[in-house]
Each structure stands twice: as structure tokens, then as C-alpha cells.
Amino acid sequence: MTKMKKICIPVLAATALAFSVPGTTQEAEASCNTYRVNVATGYLALRTDTSYNSGNEIGELYTGDTVEVTDTSDSTYWYVYSAKLNKSGYVNRNYLV
């Protein structure tokens, strides 16, 4: 029984580690650009432009939703892709963690 424990523990640890590490470089890079939405109330608007205007809203993101950031060149609005909405647009970066 002692010999079985000595073998099982390293195997279980190695298995757990294998599932926690991204399998490819692409997956590792994607995870660095993934952010989670964090708003106190309401929603974070996904917009077609880098300005606050109710006419350019194309989607609503809520706390816990995730987005892939693809462009951070603007100091306030980042260009993101939302898999949930299957859309790309701009969001206020201050609500991404």
C-alpha cells in the first residue's frame, strides 16, 4: 500500500499540472490578452467608435464577461472581441480587470 501511494501522488500531481498549463504558445498568448469586465452596476457598452454616444452601442457586457483585447493604442477605449456577443468593438478600459 505504501508503494502504491508513492507512485500515485507524483502521477496525480503531474496530471494536474498538465491540465493547468496552456498547451500551445498561441493559447498562452491569448490568455495574456483576456480581460474580465467589472462594473459596479449596469453594463459596459461595446461601441463602434471611441466616444461615448448612445447611438454607437452595439452590445452590453456585464461583470464576469470576458473579452480578448486586440488594440490598446487609445488611452481610454480599447478594441476588444467578445465571444459572447460574437462582435468586436471599443470598451472603456477602466472597467476591465
Side-chain angles (χ1 to χ4, degrees):
M1 185 84 148
T2 312
K3 193 172 192 178
M4 180 69 112
K5 285 183 184 176
K6 288 180 184 177
I7 293 170
C8 288
I9 292 173
V11 170
L12 289 174
T15 303
L17 182 60
F19 283 109
S20 66
V21 176
T24 65
T25 304
Q26 187 177 23
E27 288 174 10
E29 289 172 3
S31 65
C32 292
N33 296 328
T34 301
Y35 286 78
R36 187 175 48 82
V37 174
N38 185 20
V39 290
T41 60
Y43 64 91
L44 175 62
L46 183 68
R47 302 178 180 282
T48 59
D49 195 15
T50 59
S51 62
Y52 176 79
N53 179 331
S54 62
N56 66 13
E57 286 187 22
I58 56 172
E60 299 176 356
L61 298 166
Y62 295 90
T63 295
D65 290 346
T66 58
V67 294
E68 293 290 323
V69 176
T70 57
D71 183 0
T72 60
S73 59
D74 188 274
S75 62
T76 304
Y77 287 94
W78 285 357
Y79 195 74
V80 303
Y81 170 73
S82 167
K84 170 188 162 186
L85 301 174
N86 194 26
K87 294 181 181 179
S88 293
Y90 294 93
V91 296
N92 186 320
R93 73 168 194 86
N94 294 314
Y95 299 97
L96 301 179
V97 292

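Source: prediction; values computed, not measured.
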Discussion item. Would you say Val67 ends up clustered with Leu85 if hydrophobic residues are merged whenever their side chains have heavy atoms under 4.5 Å apart, either directly or through other cluster members?
Written reply: yes

Worksheet item: What are the two closest non-hydrogen atoms of Glu57 and Arg47, and how far apart are they?
Response: CG-NH1, 3.4 Å

Fill in: Partner of Val39 under side chain to side chain contact (heavy atoms under 4.5 Å, CB included), chosen from Asn94, Leu61, Asp65, Thr63
Thr63

Discussion item. Taking ring pair (Phe, Tyr, Trp, His ring centres under 6.0 Å) as the criterion, tell me which of Tyr77, Tyr52, Tyr81, Tyr79 meets it with Tyr90.
Written reply: Tyr79

Worksheet item: Should Leu96 and Leu44 count as side-chain neighbours, where that means a heavy-atom distance under 4.5 Å?
Response: yes

Practice prompt. Please report the closest heavy-atom contact between Ser88 and Ile58, naming both atoms and the distance.
Written response: O-CD1, 3.5 Å

Discussion item. For Ser51, is there any backbone N or O sitting under 3.5 Å from a side-chain donor or acceptor partner on Asp49?
Written reply: no

Worksheet item: How many angstroms lie between atom CG of Asp74 and atom CG of Asn92, to the nearest 0.5 angstrom?
Response: 9.5 Å

Worksheet entry | Option from Val37, Leu46, Thr70 for which side chain to side chain contact (heavy atoms under 4.5 Å, CB included) with Val80 holds | Leu46

